[in-house]
Amino acid sequence: MAETELVSESYVPFRPGLLRFEGGRGVLVGGRCRSCGAVYFPAPEVCARCQGEDLDRVDLSGRGAVYTYTVVRQSTPEFRTPYVLVYVDFPEGVRVLGQLVGCEPEAVRVGMPVEVVFEEVAKDPQGRPVIGWRFQPAAEA
């Protein structure tokens with residue numbers, strides 16, 4: 001499912017508050033503490049660094065670099081293997097976990113630039129698409 005096809009009335013987010021769509025474009029939504037500036041994903045209710053309770057919601061840039069990864073070769077029947085899970089460092093100072101698509105497991109490397117993509121990951125009981133995020137290789141900056 002392409003990002004431009006996403007209309008807020010026609011999808012269900014994987015988990016409320018983690019992502020939003022505006023004009024057909026999706027973004028991951030984190031939290032930034034107003035007291036100390038720490039950035040989180042997902043956004044917490046309380047800052048783990050300073051225990052501040054005043055956090056703003058912030059859009060993450062959508063691009064980052066692979067911090068580390070693992071190739072999953074054995075899983076439940078619902079998931080075709082092998083697949084790659086990556087931790088991605090964003091310029092905002094937050095690290096996000098997700099599946100890497102569009103790349104063979106042997107081609108993944110630490111430091112590899114990636115970008116967020118939003119895709120249907122399931123259907124809800126009413127048949128609407130449930131949207132989640134994955135990462136795909138991005139052009140070198």
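Taken together through direct or relayed side-chain contacts under 4.5 Å among Ile, Leu, Val, Met, Phe, Trp and Tyr, Val116 and Tyr69 form part of one hydrophobic cluster. Both Val88 and Val121 are members of a single hydrophobic cluster when ILVMFWY side chains are connected at heavy-atom separations under 4.5 Å. A continuous path of ILVMFWY side-chain contacts below 4.5 Å connects Phe21 to Val130, so both sit in one hydrophobic cluster.
The shortest distance between side-chain heavy atoms of Leu55 and Pro44 falls below 4.5 Å. Side-chain contact between Leu97 and Phe135 is absent, with no heavy atoms from C-beta onward closer than 4.5 Å. By the 4.5 Å heavy-atom criterion applied to side chains, Val114 and Leu100 are counted as neighbours.
Not less than 6.0 angstrom separates the ring centroid of Phe90 from the ring centroid of Phe41.
With respect to the salt-bridge test (charged N to carboxylate O, under 4.0 angstrom), the residues Asp89 and Arg95 qualify.
When all heavy atoms are compared, the tightest approach of Leu60 to Gly30 is CG-N, 4.3 Å.
A side-chain donor-acceptor contact under 3.5 Å links Tyr40 to the backbone of Ala48.
If you check the side chains of Glu92 and Ser61, you find a donor sitting under 3.5 Å from an acceptor.
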Residues Trp133, Val96; criterion side-chain contact (heavy atoms from CB on, under 4.5 Å); working and verdict:
CA-CA 10 Å; Trp133 71 91; Val96 177; 3.8 Å; yes
